[in-house]
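Each remark here refers to the structure printed beneath this line.
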Amino acid sequence: MMKTYLSIIRNCKVAQRWSFNHATRCALSPSPSFWNCKRLMVRRLCTDIPTEDRNYYITTPIFYVNAAPHIGHLYSAVTADFLHRYKLLQGFNSRFVTGTDEHGLKIQQAANAAGQDPLSFCTEVSERFKYLFKSCHISYTDYIRTTEERHRCAVEHFWTVLQSKGFIYKGNYEGWYSTQDESFLMPSQVGDAKDSSGKEIKISLESGHKVEWMKEENYMFRLSEFRSRLQEWLEGNPRAVQPERFHRAVLQWLQEDLPDLSVSRQRSRLQWGIPVPGDLDQTIYVWLDALVNYLTVAGYPDSHSQWWRAAHHVVGKDILKFHAIYWPAFLLAADLPLPQTIHVHSHWTVGGKKMSKSLGNVVDPLERSQRFTIDGMRYFLLRQGVPDTDCDYDDDKVVKLLNAELTDSLGGLLNRCTAPSLNPAQVYPHFCSDSFPSQGAVAHKGRAVDEDYHMLDAVRALPAVVEQHYDSVQVYKALEAINRCVRQTNGFVQRHTPWKLGSGDGRDQLWLDTILHVSLECLRMYGTLLQPIVPEIADKLLSRLGVKPVEKSWAALDFLVKYQGKDCPFEGRALGPDTGVLFNRLERPNAEKGKPKKAKKATKNDHQLRG
Ligand code: MSP
């Protein structure tokens, strides 16, 4: 373990002398634990990184404006928002961009069908996305629309660079095209089906969308020239595409045929897009146009490098090919750095089926976040969403999960430990090391039992465990670990029944205070770690504990320092005001007939303890 630990430190280009010496000391001493040391190192390194390397640039895909937002769109946005908030807490300068993808045949047709001019149509739907994101606390720092002037300039410049380097040529394209996916397909990707009137049609085997044969003279991009460079990039950067199964999938695709790509459409067919510079008869392919949005916001072509080299993308699995093959190939052709990471997620289904208007199973994210609260929806999506596999959305599941984990488990714990009946002075109580002696120094017996020491070990190790899962965007695993610890802390309180200790006996009082101190320290860890997931709930929790804003950062994740014999800044401090239960209990959907209901009080036990 020691060897691994030292190698982590040595391999890190920014490891400073302090970190090495300090970490070595920690690893050699029995306390704090190895995990705590690793966490300390990560946090310390963050602030030791030179300013320009502390930039972090995270993007969502830009959303098509042909239909209203659904829960899957919110999931992409919440995932990126979580990463942005997490990086800020770690001390990074993070920029976070989202927006709307407004050009292309699909949008042109949708605007026609709605009897609107394309720009007003786009503005209307783009505003709906913006409103949803604002309402769900998606804290983007820039919102881009591909119909903006700054974007047109960036796309034109990018095109000119590709052309001047000889990667674009005029040719004849003939093949299958799916307007719904705005994607070209190989014959092997196309199958037979019947439409609603029973007519034989061709569809994309992957998306199920209708495809059409297209034959046009347009501009082609020399994609075929990039196969080996893409393979080298992926093989040399095993974490470039995450999770691993998607990384493998891209490498697999690169084994297959990689023909040149058509990157324009005849203007007579597609008017709604950016014209090819110097050829007004052609419109730039919507995916080339859309992908460049990431550069536009970074400041391309004038001042992008500072942010561009810190780029990370969040994308759904359906658009992996565009992000992990076309996009890096375009960037290589333009001599620009490749993205650091492409975080891929799977899809939300409803009743086991893809959401679609015709099936009537589209879940409205705005309505659900009003019904289950914003943090409730954010928590559900990140707790239940497994990036590797599709997940099924179900209202009943939302209610059960939130009631169990936020109302009962976490909310119940906070309620118990801050109840005026147990803590009449409403302060962060004192820790007594005679009652809870450190394990190495059990000269005389305290009142803590083995399970209590196991709980301390688990909570002390938690930040490193959470960090590892947050970094790889396996958020559900991090939340699982946090929940396990919350249950252990509830078990600790339950085991020692502090409500039976307030009899006036001095030693009982010391032990009661110690139980509360330890529990509040656990809660402080949970609140701090949960901030990127449920910002409002975490803030409410930490404020109730009297934690100041500067003490909410990642750097303040030092757990139970009193146990290590150090001074604890919280001890004796007044708790923050009681602003009510942490998360109101939700009614089961059947009982409430689709309407939001007033909250019940928290658990029975908590109810007895309040007031
Ligand atoms: N406009 C393109 C992206 C261009 S990025 C340069 C696009 N737009 S989209 O609106 O169709 O999809 C946006 C995001 O929502 C994608 O990440 C997509 O995977 C995600 N989702 C769409 N439906 C989804 C689910 N049912 N479940 C989860 N996410 C899904 O593609």
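In listed order, ligands and their atoms are each counted from 1.
Among all non-hydrogen protein atoms, the one lying nearest atom 13 (C) of ligand 1 is Phe63 CD2, 3.5 Å. Looking at atom 10 (O) of ligand 1, its nearest protein heavy atom turns out to be Tyr64 N, 3.1 Å. The protein atom (non-hydrogen) at minimum distance from atom 2 (C) of ligand 1 is Ile62 O, 3.4 Å. Ranking the protein heavy atoms by distance from atom 31 (O) of ligand 1 puts Ile319 CG2, 3.4 Å first.
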Exercise. Could you walk me through whether Glu156 and Ile274 pass the side-chain contact (heavy atoms from CB on, under 4.5 Å) check?
Worked result: CA-CA 8 Å; Glu156 282 175 354; Ile274 300 173; 4.3 Å; yes

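Contacts between Tyr294 and ligand 1, counted as non-hydrogen atom pairs separated by less than 4.0 Å, involve the side chain only. Residue contacts with ligand 1, taken as heavy atom pairs separated by less than 4.0 Å, involve His323 solely via side-chain atoms from C-beta onward. Within the 4.0 Å heavy-atom criterion, the part of Ser76 lying near ligand 1 is the side chain and not the backbone.
Among pairs with a residue in residues 94-119, those fulfilling ring-ring contact (aromatic ring centres under 6.0 Å, His included) read His84-Phe96, His103-Trp272, at least two apart in sequence or across chains.
Heavy-atom contacts of Asp101 reach the following atoms of ligand 1: 1 (N), 2 (C), 4 (C) (cutoff under 4.0 Å). Of all atoms in ligand 1, listed by their number and element, those nearer than 4.0 Å to a heavy atom of Asp318 are 18 (C), 19 (O). For ligand 1, the atoms lying closer than 4.0 Å to a non-hydrogen atom of Met355 are 26 (N). Applying the 4.0 Å criterion to heavy atoms of Ala290 picks out, from ligand 1, the atoms 6 (C). Applying the 4.0 Å criterion to heavy atoms of Ser346 picks out, from ligand 1, the atoms 28 (C).
In this structure, the ring of Tyr294 has its center no less than 6.0 angstrom from the ring center of His312. No close placement of the Trp287 and Tyr326 rings is indicated, their centers lying 6.0 Å or farther apart.
At a threshold of 4.5 Å between non-hydrogen side-chain atoms, the residues Asp395 and Arg371 count as touching. With a 4.5 Å cut-off on side-chain heavy atoms, Thr349 and Met355 do not count as touching.
When Phe322, Trp287, Phe129 are ranked by how near their heavy atoms come to atom 4 (C) of ligand 1, first place goes to Trp287. Between atom 29 (N) of ligand 1 and the options Gly72, Ala67, Gly104, the minimum heavy-atom separation is to Gly72. Nearest to atom 23 (N) of ligand 1 by heavy-atom distance, out of His73, His70, His347, is His70.
Judged by a 6.0 Å distance limit and a 45° cone about the ring axis, Lys397 is not positioned over the six-membered ring of Phe380. Cation-pi contact between Lys215 and Tyr173: absent, since separation from the ring centre below 6.0 Å together with deviation from the ring axis within 45° is not met.
Between Val315 and ligand 1, no N or O atom pair is found at a separation short of 3.5 Å. Taking distance alone, with nitrogen or oxygen atoms compared against 3.5 Å, Trp348 approaches ligand 1 more closely than that limit. Checked against a 3.5 angstrom limit, the closest N/O atoms of Gly316 and ligand 1 fall inside it.
The aromatic rings of Tyr300 and Phe158 stand perpendicular to each other, their planes meeting at an angle above 60°, with 30° marking the opposite boundary. Between His313 and Trp327, the ring-plane angle classifies as tilted under the 30° and 60° cut-offs.
Salt-bridge check for Asp335 with Lys165: passed, with a basic side-chain N closer than 4.0 Å to an acidic carboxylate O. Ion pair Asp142/Arg150 flagged as a salt bridge, since at least one NZ, NE, NH1 or NH2 atom sits closer than 4.0 Å to an Asp/Glu carboxylate oxygen.
Judged by the shortest distance from any of its heavy atoms, Glu182 lies outside the 4.0 Å radius around the atoms of ligand 1.
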